[in-house]
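Okay, structure first, notes after.
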There are 2 protein chains.
Amino acid sequence: MSESSAVSGTAAEGSGRHGGGDALVFDVVVVGAGPVGENVADRAAAAGLSVAVVESELVGGECSYWACMPSKALLRPVIARADAGRLPGLAGAVREPLDTDAVLARRDEFASHWKDDGQLGWLDSIGVSLYRGHGRLDGERRVTVEGPDGGRTALTARHAVAVCTGSRAVVPGLPGIEDARPWTSREATSAKAAPGRLAVVGGGVVGVEMATAWAALGSRVTLLVRGDGLLPRMEPFAGELVAEALAGAGAEVRTGASVAAVERSRPDGPVTVVLEGGERLEADEILFATGRAPRTGDLGLETVGLEPGSWLSVDDSCRVRDSEWLYAVGDVNHRALLTHQGKYQARIAGAAIAARAAGDTPDTRAWGAHAATADHAAVPQVVFTDPEVAAVGLSLAEAERAGHRVRAVDYDLSSVAGASLYADGYRGRARMVVDLEREILLGVTLAGPGVGELIHAATVAVVGEVPISRLWHAVPSYPTISEVWLRLLETYRG
Amino acid sequence: MSESSAVSGTAAEGSGRHGGGDALVFDVVVVGAGPVGENVADRAAAAGLSVAVVESELVGGECSYWACMPSKALLRPVIARADAGRLPGLAGAVREPLDTDAVLARRDEFASHWKDDGQLGWLDSIGVSLYRGHGRLDGERRVTVEGPDGGRTALTARHAVAVCTGSRAVVPGLPGIEDARPWTSREATSAKAAPGRLAVVGGGVVGVEMATAWAALGSRVTLLVRGDGLLPRMEPFAGELVAEALAGAGAEVRTGASVAAVERSRPDGPVTVVLEGGERLEADEILFATGRAPRTGDLGLETVGLEPGSWLSVDDSCRVRDSEWLYAVGDVNHRALLTHQGKYQARIAGAAIAARAAGDTPDTRAWGAHAATADHAAVPQVVFTDPEVAAVGLSLAEAERAGHRVRAVDYDLSSVAGASLYADGYRGRARMVVDLEREILLGVTLAGPGVGELIHAATVAVVGEVPISRLWHAVPSYPTISEVWLRLLETYRG
């Protein structure tokens with residue numbers, strides 16, 4: 001047994017760390033050092049537990065290098081330019097296109113140039129040991145790390161193993177897909193230049209964000225969506241407004257378009273997209289933003305009676321069903337595939353692990369300290385397109401499906417003074433879904449320029465189960481876009 | 001008795017409107033048709049009461065023509081330009097100054113070119129009668145309107161008179177003040193061109209907003225503040241950040257500077273500002289943003305036993321103390337001199353008037369339908385400077401003075417991923433004040449680019465009295481600036 005590189009922390013020191021046999025013993029072993037794994041480790045370490053984390057790629061994970069951070073670095077100048085362009089007195093100044101090189105350089109900074117040095121110091125500062133390599137379960141409470149040099153390290157977890165390996169983009173197995181070298185979210189967020197023509201397949205969040213970014217950075221974008229609209233999990237008006245805006249920005253949005261095959265005959269040549277029905281489109285790159293799969297295929301799940309490649313079903317403390325010691329936190333449990341929600345689960349799971357390690361009974365009642373209740377009731381999401389879309393909780397359709405007696409209250413954001421001041425020709429809409437039994441909010445969706453930061457008020461209202469009669473006293477400052485809250489409540493009260 | 005012009009509504013029709021004598025009888029008479037009076041009228045009319053409103057100037061009030069709307073129309077392009085200028089890829093495009101003429105033209109649109117035609121149709125649509133002229137109380141439940149032609153109309157209120165006359169800017173009685181023709185907020189928001197040199201006296205909200213606007217629109221601004229900082233009612237860091245930014249924008253900020261006299265020897269010449277100590281400064285215009293006084297001097301208060309010119313003290317339903325029928329709503333009651341808070345009071349007071357008119361007992365318990373409880377606990381305010389400042393509830397100093405056992409939790413906004421993505425070189429700060437007995441929030445203050453829309457989440461948390469343990473489940477979306485919520489809570493929990 002050779003040890004993989006323990007670059008930080010106190011792997012070789014400390015009391016009670018080493019077990020009796022050939023394995024290094026920690027209280028907690030975390031597999032995957034993205035934001036979720038980092039937060040589980042942080043919480044457990046803060047509770048006085050010894051923690052090892054195992055990472056096969058960069059510490060900081062998908063979000064830091066190939067998702068949230070680089071994508072928002074690409075999108076922020078696009079949005080700020082669009083905002084400025086809607087204001088007389090400033091519009092003339094932003095008529096010229098974005099400086100793509102400068103935007104990409106800023107993106108590189110936000111992706112830390114795809115190096116994780118900055119994260120290592122942090123892990124070290126909280127006393128967590130990092131093992132670089134591929135981690136696999138090897139029976140109960142055991143993880144084997146296969147290091148970069150092929151050597152193996154056996155880790156034993158006294159209390160818990162937390163699987164935080166996340167998800168990966170799924171590329172459909174279409175004819176010609178291998179030669180086509182398709183982009184996934186990774187390539188779309190880390191590309192070194194704007195392709196001349198970019199085909200984007202998929203109308204979910206990744207699809208619309210990357211279409212927005214690259215269209216503004218110089219690509220001719222065609223967005224191919226199998227269904228009949230964008231952002232299909234959200235209130236319908238959100239996708240409609242984004243589709244209109246993308247078209248206005250010069251992108252072609254094609255709904256009802258299924259890709260049947262792709263062809264790239266020369267490695268340096270264009271890619272041809274063949275649609276069902278036979279139509280052929282040509283592009284320089286093709287991005288598939290068509291879904292995610294759990295990164296659990298090569299994780300040793302079979303050694304603990306679980307199915308390799310499956311999503312891991314957990315209870316509200318993020319503990320795998322029927323296990324005493326195995327946790328699955330973040331994307332991998334399929335509760336909500338969002339960085340912030342995974343970090344939330346990590347805070348909850350880390351605290352639950354610590355409580356159980358201390359022999360305490362965790363508080364897993366709804367909204368208790370050890371229950372990720374918000375996963376069911378209040379998952380927020382901001383889509384950084386122009387216009388922005390922000391939502392939390394249940395859509396009308398979801399609330400109805402769940403059997404709630406509800407009323408949807410809509411308001412045209414352009415009628416809010418703060419919105420019309422924000423941008424000339426403001427277009428946007430808001431909806432709140434009211435539980436008529438309890439007179440509380442089940443969900444809110446906003447779409448329009450500048451609404452991204454508005455959603456947290458809705459999150460507090462939904463999570464706090466603040467009654468409508470009390471929300472009536474929550475005065476929005478005039479003239480902000482937040483005054484839509486007053487308008488929604490007035491509309492509800494009639 | 002000649003009737004002043006009743007331009008809308010149903011003054012001459014309807015049942016039970018006319019009393020037995022020489023007066024027109026309504027259920028409710030509202031004096032002042034700014035946003036506050038409009039909302040009282042709206043609520044009362046919606047409850048089926050007959051309503052007259054009296055207005056001596058423009059229907060829509062100070063906010064629509066000489067405050068919120070025009071000031072924010074001036075400021076929005078300034079803020080959007082500053083935001084764009086902090087983003088590589090876009091910064092080059094906004095190096096040229098704002099197009100002042102275009103900004104002023106947009107401002108004129110938002111001030112409806114100082115015409116109230118748009119408001120009249122709305123009053124008409126809700127069935128409210130407008131009397132143009134100066135309204136004065138004339139004993140219990142009676143209001144006399146002196147019309148533009150000097151004629152008088154006597155109105156009688158069956159249930160309530162609501163005084164919603166607001167406040168006016170106070171200009172100190174300094175030597176030379178009359179010849180100096182100083183600006184107040186009215187001239188500062190409606191000026192037709194940027195003065196070459198503008199002296200601004202006062203470091204409150206009006207002072208810093210107008211200094212920000214006119215500095216960006218081409219004026220050389222000197223801000224003269226008697227105290228030692230800006231925005232003295234807010235957390236100290238707010239004023240510090242705004243002062244730094246004003247200096248960076250080319251304005252001169254002078255604290256500890258008291259104006260002793262002003263001189264304008266020629267009507268078309270410059271104004272000289274004489275400071276205590278003898279220093280003399282020259283400017284083209286001077287704005288006094290030094291406080292407000294109630295517009296109650298010529299309101300007939302003496303006919304009902306009240307002091308002309310005084311603020312009107314009210315209970316939580318906005319009814320004047322010891323009166324059965326007189327309400328004072330908005331600035332005039334001195335509870336919170338903010339349009340949105342006055343509108344809130346108007347909703348509460350309108351409902352209380354309707355409840356009492358129907359013989360019901362109003363619910364004036366804390367947070368009840370007829371108590372403006374938020375005036376004490378949760379007044380929000382956004383200052384539209386660069387950086388923006390937003391606050392709600394109590395500052396640390398206010399909470400301590402009120403005897404709460406509190407802890408202030410601070411966080412540097414530049415450490416929030418969403419903030420660093422929002423603008424390069426982001427500078428900002430957040431503070432939440434926690435009530436340690438109840439573990440709820442008493443107040444939150446934010447200062448930094450793009451924070452204006454964040455404050456409503458704090459307002460919901462304060463008003464909803466949402467416990468910290470529940471707020472822990474309110475997940476901010478990544479990467480938004482709202483993630484400061486998570487950081488504040490993490491910092492609090494240690």
Side-chain angles (χ1 to χ4, degrees), chain A residues 68-69 72-73 76-77 80-81 83-84 87-90 92-94 96 98-100 102-103 105-106 110 339-341 343-344 367 369 373-374 378 380-382 390 417 421-422 450 452-457 459-461 463-464 466 469-471 473-482 485, chain B residues 68-69 72-73 76-77 80-81 83-84 87-90 92-94 96 98-100 102-103 105-106 110 339-341 343-344 367 369 373-374 378 380-382 390 417 421-422 450 452-457 459-461 463-464 466 469-471 473-482 485:
Chain A
C68 325
M69 291 303 278
K72 276 62 202 180
R76 171 64 192 142
R81 178 171 175 272
D83 279 353
L87 292 165
L90 190 53
V94 292
E96 55 183 284
L98 285 172
D99 178 344
T100 300
V103 173
R106 183 170 188 256
F110 274 98
T339 293
H340 47 266
Q341 209 65 19
K343 286 164 59 183
Y344 163 71
W367 307 114
T373 309
Q381 181 160 26
V382 176
L421 284 160
Y422 190 85
E453 300 291 350
L454 270 76
I455 202 64
H456 197 60
T459 307
V460 173
V463 167
V466 182
S469 59
R470 183 64 71 91
L471 287 176
H473 292 274
V475 179
S477 203
Y478 188 81
T480 60
I481 305 176
S482 295
W485 275 96
Chain B
C68 325
M69 290 303 278
K72 276 62 200 181
R76 170 65 192 141
R81 178 172 176 272
D83 279 354
L87 291 165
L90 190 53
V94 292
E96 55 183 286
L98 284 173
D99 178 343
T100 300
V103 173
R106 183 170 189 256
F110 274 98
T339 293
H340 48 266
Q341 209 66 18
K343 285 164 61 184
Y344 163 71
W367 307 113
T373 309
Q381 181 159 25
V382 175
L421 283 161
Y422 189 84
E453 300 291 350
L454 270 76
I455 202 64
H456 197 61
T459 306
V460 173
V463 167
V466 182
S469 59
R470 184 64 71 90
L471 287 175
H473 293 274
V475 180
S477 203
Y478 189 83
T480 59
I481 305 175
S482 295
W485 275 97

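All of these numbers come straight from a predicted model, not from anything done at the bench. Quick note: numbers below take in every heavy atom, side chains included, and nothing from hydrogens, waters or symmetry partners. All chains are named by letter (A, B, ...) in the order of the sequence lines, taking the proteins before the strands, and each is independently numbered beginning at 1.
If you measure heavy-atom distances from A:Leu471 to chain B, the contacts under 4.5 Å come from the side chain alone. Neither the backbone nor the side chain of A:Ala378 comes within contact range of chain B; no heavy atoms are under 4.5 Å apart. The part of A:Arg106 that comes within reach of chain B is its side chain, from C-beta onward, which places non-hydrogen atoms under 4.5 angstrom from that chain.
Note: A:Pro88 leads A:Ala374, A:Pro88, A:Ala73 in heavy-atom pairs under 4.5 Å with chain B. Among the candidates A:Val466, A:Thr373, A:Val460, the residue making the largest number of heavy-atom pairs closer than 4.5 Å to chain B is A:Val460. Between chain B and the options A:Ala461, A:Pro77, A:Gly464, A:Pro479, the largest number of non-hydrogen pairs under 4.5 Å is found for A:Pro479. Between chain B and the residues A:Thr339, A:Val382, A:Thr100, A:Val103, the largest count of heavy-atom pairs under 4.5 Å involves A:Val382.
Under the 4.5 Å side-chain criterion, counting only non-hydrogen atoms from C-beta, B:Leu421 is in contact with A:Met69. Under the 4.5 Å side-chain criterion, counting only non-hydrogen atoms from C-beta, B:Lys72 is not in contact with A:Tyr422.
Between the B:His340 side chain and the A:Ser477 main chain, no donor and acceptor come within less than 3.5 Å of each other. A donor-acceptor pair under 3.5 Å links the side-chain atoms of B:Arg470 to the main chain of A:Val463, judged by distance alone. Checked by atom type and distance alone, the side chain of A:Glu453 pairs as donor or acceptor with a backbone atom of B:Ile481 at under 3.5 Å.
Of all the heavy atoms in A:Thr459 and B:Ala474, the pair that sits closest is CG2-CA, 3.9 Å. Shown here for B:Ala102 and A:Gly89, the closest heavy-atom pair between the two residues is CB-N, 3.4 Å. Shown here for B:Ala80 and A:Leu87, the closest heavy-atom pair between the two residues is CB-CD1, 3.4 Å.
B:His473 meets the ring-ring contact (aromatic ring centres under 6.0 Å, His included) test with A:Tyr344, A:Trp367; sequence neighbours excluded.
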Next item on the list: Take B:Val475 and A:Gln341 through the side-chain contact (heavy atoms from CB on, under 4.5 Å) test and state the conclusion after the steps.
Entry: CA-CA 7 Å; B:Val475 180; A:Gln341 209 65 19; 3.7 Å; yes
Exercise for the section: Could you walk me through whether A:Asp99 and B:Leu90 pass the side-chain contact (heavy atoms from CB on, under 4.5 Å) test, one step at a time? Expected result: CA-CA 7 Å; A:Asp99 178 344; B:Leu90 190 53; over 6 Å; no
